[in-house]
Amino acid sequence: MTRTTPATAPRRRGRPPGPPVDPEIRRENILDAAERVIARTGPAIAFADIATEAGFARTAVYAVFPDRDSLLSALTVRHTDRIIAVANDILARPLPLREVFRELVEMICTFVADNPQLHPALMQGLHAPQNGGHRPLFTRNADWATAVFEVVLDSVGADRRSARTWAGATVGALLLAAEDWSAEPRVSKTELVDQLTAFIWPAIESVGGDALSGPLIACVSFRNPGGNTRDQLPAQAAGTLSRNPNT
C-alpha cells in the first residue's frame with residue numbers, strides 16, 4: 001500500500017501580495033520621487049529612475065502618469081497651489097500694499113532660487129501639443145494675480161480690465177527674472193527683490209495703490225490643466241483693501 005501526497009499549487013515567485021496601496025498615496029509618492037530625481041539629474045527625467053526612487057515598478061508609474069508631460073503637469077499644479085497658499089497668507093497681513101507686493105516678489109524669487117532644477121523642468125515640460133500650449137505654472141499664478149489686481153483696481157475705482165494685463169506681465173517678469181538671476185546672480189537676493197518691486201510698483205502707484213493697505217485674500221478659480229473647466233482652490237475668501245492711514 002502506497003501513501004499519496006496531495007498535489008499543491010506551485011509557489012509564485014516574488015513577495016507575497018500585501019494590502020493594496022491607496023491610489024492617492026501612490027500618486028504623491030511618485031511625485032515626491034520625481035522631485036528628488038529632478039533635483040539630482042535635472043529636467044531630463046526617466047520613468048525608470050522615478051520608479052526606482054519610489055520603490056515601484058515602472059508599470060505602476062505609467063498607470064498613474066501615462067507620460068512625462070502629465071507628470072510634470074501634476075508637479076506644476078502641486079507647486080502652484082503651494083505658492084498661492086503662501087501668497088494668500090501674505091495678503092492676509094495688515095501691511096501697506098507696497099510691502100505686501102514686496103513680500104510676494106520675495107516669495108516667488110525664493111521658490112525659483114530654492115528649486116534650480118525643478119523650476120526649469122516645470123517651465124519646459126508644459127508645451128506639449130496635448131496641452132494646447134497650456135502652461136499651468138504661469139497660467140494658474142496669473143489667474144490668481146488677476147483676481148488680486150481686480151480687487152486693487154476696484155478699491156481705487158479704476159478700470160479692472162487692466163488686471164489681466166498687469167497679472168500676465170507681473171507673473172511672467174517675476175518667474176523669468178528670478179530664473180535668470182538664479183542662473184547668474186549679479187546682485188544679492190535682497191537687491192533683486194527690491195529691483196523687481198520697483199519695476200512693478202509704479203503701475204499700481206499710478207492708480208492710487210500707495211494709499212491702500214491689507215488685509216486682502218483673493219478668491220480665484222483655476223482652469224484645469226489642458227481643459228476649459230475650472231476648479232476652485234479651497235481656503236480662499238473675497239476681500240477688499242482699506243485705505244492706508246499713513247497716506
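What's counted below: heavy atoms across the whole structure, side chains too, no hydrogens, waters or symmetry copies.
- Cys109 contributes atom SG, which lies 4.5 Å from atom CG of Leu192 (distance to the nearest 0.5 angstrom).
- Pairing each heavy atom of Ala173 with each of Phe199, the nearest pair is CB-CE2, 4.3 Å.
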In sequence, state the C-alpha distance, the side-chain angles, and the governing distance for Leu137 and His119, and then conclude on side-chain contact (heavy atoms from CB on, under 4.5 Å).
-> CA-CA 9 Å; Leu137 186 65; His119 177 257; 3.9 Å; yes
Evaluate side-chain contact (heavy atoms from CB on, under 4.5 Å) for Arg78 paired with Glu28, printing each intermediate quantity in order.
-> CA-CA 10 Å; Arg78 167 193 261 197; Glu28 292 303 306; 2.7 Å; yes
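- Residues Leu175 and Glu179 have side chains not in contact (no heavy-atom distance under 4.5 Å, counting atoms from C-beta outward).
- The pair Glu150-Arg164 fails the salt-bridge criterion, with no side-chain N (NZ, NE, NH1 or NH2) lying under 4.0 Å from an Asp/Glu carboxylate O.
- Using a cutoff of 4.0 Å between basic side-chain nitrogens and carboxylate oxygens, Asp194 and Arg102 are scored as salt-bridged.
- Closest of all the heavy-atom pairs between Ala167 and Ala142 is CB-O, 3.6 Å.
- The shortest side-chain heavy-atom distance between Val100 and Leu216 does not fall under the 4.5 Å cut-off.
- Residue Phe138 comes nearest to Gly172 through the heavy atom pair CE1-N, 3.7 Å, listed as atom of the first residue, atom of the second, then distance.
- More than 12 heavy atoms of other residues, nucleotides or ligands lie within 6.0 Å of CZ in Phe111, so this atom counts as buried by the packing criterion.
- Side chain of Thr80 to main chain of Thr76: a donor-acceptor pair is present (N/O by atom type, distance under 3.5 Å, no hydrogens or angles).
- Figure legend: cation-pi geometry between Arg26 and Phe56, with NZ or CZ positioned under 6.0 Å from the six-membered ring centre and within 45° of its axis.
- Under 3.5 Å, the side chains of Asp49 and Thr52 contain no donor-acceptor pair of N or O atoms.
- Counting only distance, with no hydrogens or angles, the side chain of Glu191 and the backbone of Ser188 share a donor-acceptor pair below 3.5 Å.
- Taking OG of Ser182 as the start and CD of Gln117 as the end, the distance is 9.5 Å to the nearest 0.5 Å.
- Across all non-hydrogen atoms, the minimal contact from Val156 to Gly209 is CG1-N, 4.5 Å.
- Distance CG/Leu31 to CG/Leu71: 6.0 Å, rounded to 0.5 Å.
- Between the side chain of Thr41 and the backbone N or O of Val37 there is at least one donor-acceptor pair closer than 3.5 Å.
- A donor-acceptor pair is defined here as one N or O able to donate and one able to accept, closer than 3.5 Å; such a pair exists between the side chain of Asp67 and the backbone of Ser70.
- Using a 4.5 Å cut-off on side-chain heavy atoms (C-beta onward), Leu118 and His79 make contact.
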Show your working on side-chain contact (heavy atoms from CB on, under 4.5 Å) between Thr170 and Thr146 and close with a plain yes or no.
-> CA-CA 10 Å; Thr170 300; Thr146 298; over 6 Å; no
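- At distances below 3.5 Å, not a single donor-acceptor pair connects side-chain atoms of Asp180 with backbone N or O atoms of Leu176.
- Counting heavy atoms from C-beta outward, Leu174 and Leu104 have side chains that stay 4.5 Å or more apart.
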Could you walk me through whether Trp181 and Val187 pass the side-chain contact (heavy atoms from CB on, under 4.5 Å) test, one step at a time?
-> CA-CA 8 Å; Trp181 175 84; Val187 298; 4.0 Å; yes
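- Between atom CD1 of residue Ile90 and atom CD of residue Glu106 there is a gap of 8.5 Å, rounded to the nearest 0.5 Å.
- Crowding of Arg36 atom CZ: a count of heavy atoms from other residues, nucleotides or ligands under 6.0 Å exceeding 12.
- Taking both residues in full, the closest heavy atoms of Ala74 and Arg27 are given as CB-NH2, 3.4 Å, listed atom of the first, atom of the second, then distance.
- From Ile50, atom CD1 reaches atom CD1 of Ile30 across 8.5 Å, with rounding to the nearest 0.5 Å.
- Residues Glu53 and Glu35 have side chains not in contact (no heavy-atom distance under 4.5 Å, counting atoms from C-beta outward).
- Asn88 and Trp144 are linked by a side-chain donor-acceptor pair at a separation below 3.5 angstrom, with hydrogens and angles left out of the test.
- You'll find the side chain of Asp210 stays beyond 4.5 Å of the side chain of Leu97, heavy atoms only.
- Considering only heavy atoms from C-beta on, Glu103 stays 4.5 Å or farther from Val193 through its side chain.
- Using a 4.5 Å heavy-atom threshold, the side chains of Leu153 and Ser162 count as touching.
- A centroid separation of less than 6.0 Å is found between the aromatic rings of Phe149 and Phe101.
- Taken from CD1 in Ile200 to CD in Gln195, the straight-line distance is 13.0 Å, to the nearest 0.5 Å.
- Closest approach of Pro120 to Pro43, counting heavy atoms only: CB-CG, 4.3 Å.
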